[in-house]
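Step one of this worksheet: look at the structure below.
One-based numbering, in listed order, for ligands and for the atoms of each.
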Amino acid sequence: MNAMMQFSDTDKYARVIKLSKAVHWEIEADVIKGRGFDLSKKYLPDGLSLVSEMTMLSDDEKRLVSQIQGRTYANVFGLVERFITAKLLEVGHEHSLGDQNALEALVRFSDEEIKHQTLFRRINEMMSAAMPGGYRFDIDPDMVARAVLSRSTWGVLMLTLHIELFVQNHYRQTIEPDENLSELFKDVFLFHWKDESQHVVLDELELKRHDASLTPEGRDRGVDDFIALFAAVDGILQMQAKSDVAYFVATCGRTVPSEEARPLTAQFLKAYRWQYIFSGATHPRFQAVLKRMITEPQAERIAAALATLH
Ligand SMILES: [Fe+2]
Ligand SMILES: [Fe+2]
């Protein structure tokens, strides 16, 4: 049985390698192609920015919101991919004298995530050239990665699976079908999605392998860490929602009274929580993987922690 499972896993790793080679792309030649960002187009789709709920804003202001949130979207991926790469390199090392398909798949994974971080830095610079000055994203990826990686591997791998699964839904359900978005923005997340489709397979394989090595107490600590990581993500989202609304107020071209700015900050936070927490936490695949690994009381602990974020 173990031999069969091993064969089946190594086969999955081999398939990931094949797909990863088939979709390989380069930042300038395949994604950017000499283009720049156009301020006449939306960046982040309405299904993610939740801009249709911001009824006090004009259409031009809603477009600005989608551009600000689109820039933050690229920066958040640049941020989380720092700790994702570090963790997957760490667990990949466990395969170095074992399954060479697993090792190769995880080396490719890390190479792709480093390329994604370079792409997102490039995108931020290009948006900076197109958009008015004053936008801020002051969160240091290394500092966040150090805090995340101080938590247990189970919690970090579960958070990683959650992130890479919501990437799938965001692209297929909201970015790809929206014809009003910047073509360059769409392409950035098309090429990103192509790699992430393989990454979710690896996240799940590594998580299952690690989960099988844990005692019930170890897994219980993992659940606590997973909850703590969500709280940390939420802290970042609260800071960035305030910062992004301040930038909107400074650049939208009219005086925004504080009684309008306050609810707008709450709407930005709601959108960010949807993008980075709830769209992943409610993903059917994520729920299925999580439920198989945890007890009913642990599931209730996670649900109770998430409920405090509404
Ligand atoms: Fe990525
Ligand atoms: Fe990834």
field: Side-chain touch Leu48/Gln69, heavy atoms, less than 4.5 angstrom
entry: no
Polar side chain donor-acceptor pair, Glu113 to His199, under 3.5 angstrom: yes
Look at the aromatic rings of [X] and [Y] and report parallel, tilted or perpendicular, splitting at 30° and 60°.
X: Phe37; Y: Phe185; value: perpendicular
X: Phe77; Y: Phe166; value: tilted
X: Phe230; Y: Phe226; value: perpendicular
X: His310; Y: Phe278; value: parallel

task: Run through the protein N/O/S atoms less than 2.8 Å from the Fe ion (ligand 2) and write them out by chain and number.
output: Glu113 OE2, Glu164 OE2, Glu196 OE1, Glu196 OE2, His199 ND1
